[in-house]
Amino acid sequence: MGQINLKEMTAISYEKAEIEKGYTDQSLRINLDANDIIIKPIEEKIKDKFIGGKGYDLWLMWNAVSGDTKWNDPENAICISSGPLGGTPGYPGGGKSIVTSISPLTGIPIDSNVGGYFGPYKKFSGFDVLQVDGKAKEDTVILIDGIENRIKIFEAKNLPQDSYELSNSLTHHFDEDKPVNVSVVSAGPGAENTFFGCLNFSWWDAGRKRVRYKQAGRGGIGTVFADKKVKAIVARYAPISMKSNNPSDLDAMKLVTKTYAKEINELDPKQNRMALVGTTHIVPIMNDHDCLPVNNFKFGSHPKSKLIGEEAFELIFDKGFDGCWKGCAVACSHGVKDFSPFTGPYKGKKVFVDGPEYETVAGCGSNLGIFDAQTILEINFYCDAYGMDTISVGTSIGFVMECFENSQITTKHTNGMDLSFGNRFNTLEIIHQMAKGEGFGIIVGKGVRKMKEIFAKDFGADMAFMQDIGMESKGLEFSEYITKESLAQQGGYGLALKGPQHDEAWLIFLDMVHNFMPSFEDKAEALHWFPMFRTWFGLCGLCKLPWNDVVPEDNKDNPEPAKVVKHIGWYADFFSAITGKKTDSDGLIAMSEAVYNFQRVFNLKMGYGTREHDTIPYRAMGPVTEEEYESRQELYDTQLKEKYSMDISGMDTKKKTAVLREKREEQYELLTDAVYERRGWTKNGIPTVKTVKRLGIDFPEVLEILKKSGVE
Amino acid sequence: MIEVDEKELQWSNNLTIAALLKTLDNVEFCSVVRLNGRLVSSPKFKETIIPDNSKIQLLPLVAGG
């Protein structure tokens, strides 16, 4: 690889907007068709209604796309925003970017919340939100330089192909002396050749003197990025301080930041130890509660899981500060240095692996029958470097493996590869193939929903069986939790706006372990409140983890411990201190509810957003196969007898599996009814006119879309 | 003696985690504890015997990823 070659195509100088109470009140649009750079003010009424972050992203996208827009149409936009609270150094989880686009997997808006420094750097450079649309003719790099107040679009040649090298090269290219001033967003070859490409958001790790990155993983935004021929977007900014957001009440902001960070520093070592083991502590806990996906979500535990949990990774992770935002006390973004892959282009070289987190361990480990930390690290490394979402990769390959073991597909279709569970070499081979767009990897890279169609049409596989075991909803692959025994979490996945990702609601323990929500109404209330509150993090540029992964010592004495009420109060204080708009916990929910319902109507605009799209595969509800039933026979038999008052004495496993299924599917429909009612939606899952009016999102186009769907 | 969340408590022979929790207030949302540094989940509370001089931390409500 020679010297990278960046040819300037367009450049502008701009006067940087002064930041005021967390906002610049400006958007930046890059149109790649014409290499246009457009700076526009954000109206006050949009600010009031959409708050920032995902709210701004969705509003810009709403105006960019029509109902007919497909993911690879030029008008599809990638929007990135950090929110009004993003960018305060030392505030736990305070540096997130929220990225949206129309997803190649689902056809509806996808959103992904990601760390790294890009979002705050972009905002402090003068722009609350970035919109990239159109399609470049040649490989393109975009630079937002908030130090020199310049925006440039380059035609790029000789760039490294993968994100690992590309982030590093561009960081040094744009600020060799102070690489900490640079954050790079990039994809990779896997994003070009699959539908689940991710984006890597970088930051400079001053302690280790190297580029690190986190992923905007879900829904294939990296694929859209690659399709637009964007190789990278770079933000350059300095300096960052507590005053960077120009908060309304600096002292109040400092106080809540200090209080929150102090609590985490004090309590995390006594609780989940995330600063030491990240989210890998979840592995043994999920395993012990039968919630760890094993072999394509067929089982919930495995005796070898201890080999891939916190005990293993505590020893492997490189010691040092691992915050993906400056001074974050949670500091959970761990990595492994001097890792030497045994396959692929980096075979035998020493690399730094950013991760793994729980989702990657579960999705690319236990779910594939792989209980080997080294293999998981290698999968993690290549997925990141290639720009592929580890969740979709894990869930898709798990589906392939179960199809292979059930002879739905054979070596004839896989080009001779044995894709049985546990085959780590061929798992890696598939990943390399996906990245290169070669062999059977081309098909796997299309995701579970498309694979079902191909396997049925071209390979003669049984569609009904694949519908049951293919872990996708709305076209998005499930994240990595077994939900069979938690009806509330089945709703948490199936009724989530973008598809089955747990960032809207994670209710498994409240429901399954503690039986905190016995009635449908209780579950519906939780499936209203939690998605609304969790949405708020995405509006403001924050991370969810500090909220409830480290909790106050007296939280257990609160009547609603799951809400972590003291922290919600701190979030309200933080919002008030920065924006100057006094709010409380109800105020936070109200902000989210408008955006949440707007996104639901957006789904409707794109031809989805109704009840038929809120279904989940039966594997997420209960045992599909007799083998699965028998693996927890005592539990299922007891439920049939006690919960459903059935006489099962004459029933064989096949019959019991069938009757249990009937009951569980019925329960899911009843839950759906209750949730829709609580959310103010029709029986078909559409927000009513009364709801959109109450939330102030009754824009003419919204009402028109509702009317077309029979809601007036 | 054992230490539970930094408070000293009396130890007894064959004391299980389940039995210990019965003696504590506001622990209905405790589904995981750290016993001498190792995670123990609620399905194993009844079978896990606490050795004398153990250090136990009651983990907060599990909140997922």
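Convention: sequence-line order gives letters A, B, ...; per-chain numbering from 1.
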Full working for side-chain contact (heavy atoms from CB on, under 4.5 Å) between A/Q271 and B/R34: CA-CA 8 Å; A/Q271 296 179 4; B/R34 207 176 276 284; over 6 Å; no
Take atom NZ of B/K22 as the centre, draw a 6.0 Å sphere, and report whether it contains more than 12 heavy atoms from other residues, nucleotides or ligands. no
Residues A/K556, B/E28: salt bridge by 4.0 Å N-O rule: no
Could you tell me whether A/E310 and B/R38 have a side-chain N and a carboxylate O separated by less than 4.0 Å? no
Step through the shown structure and confirm whether more than 12 heavy atoms of other residues, nucleotides or ligands are within 6.0 Å of NZ on A/K304. no
Contacting moiety of A/E480, where chain B heavy atoms sit under 4.5 Å: neither
So among A/I285, A/N272, A/I282, which one has a side-chain contact (heavy atoms from CB on, under 4.5 Å) with B/V32? A/I285
When the 4.5 angstrom heavy-atom criterion is applied to A/P269 and chain B, the contacting part is backbone
Go through the atoms of A/N555 and report whether side chain, backbone, both or neither lie under 4.5 Å from a heavy atom of chain B. neither
Can you confirm whether A/H514 sits close enough to B/L61 that some side-chain heavy atom of one is under 4.5 Å from a side-chain heavy atom of the other? yes
Positions in residues 41-55 of chain B that reach chain A, provided some heavy atom is under 4.5 Å away: B/S41, B/S42, B/P43, B/K44
Does NZ belonging to A/K306 count more than 12 external heavy atoms closer than 6.0 Å? no
Looking only at A/V513, A/D557, A/I508, the option with the highest number of non-hydrogen pairs under 4.5 Å against chain B is A/D557
Compare every heavy atom of A/R534 with every heavy atom of B/A63, then report the nearest pair and how far apart it is. O-NH2, 3.7 Å
Ranked by heavy-atom pairs below 4.5 Å to chain A, first place among B/V27, B/L59, B/L58, B/D25 goes to B/L59
Contact residues of residues 4-18 of chain B (partner chain A; heavy-atom separation under 4.5 angstrom): B/E6
How far apart are the C-alpha atoms of B/F29 and A/L510, what are their side-chain angles, what is the distance that settles it, and do they pass the side-chain contact (heavy atoms from CB on, under 4.5 Å) test? CA-CA 8 Å; B/F29 287 104; A/L510 278 178; 3.9 Å; yes
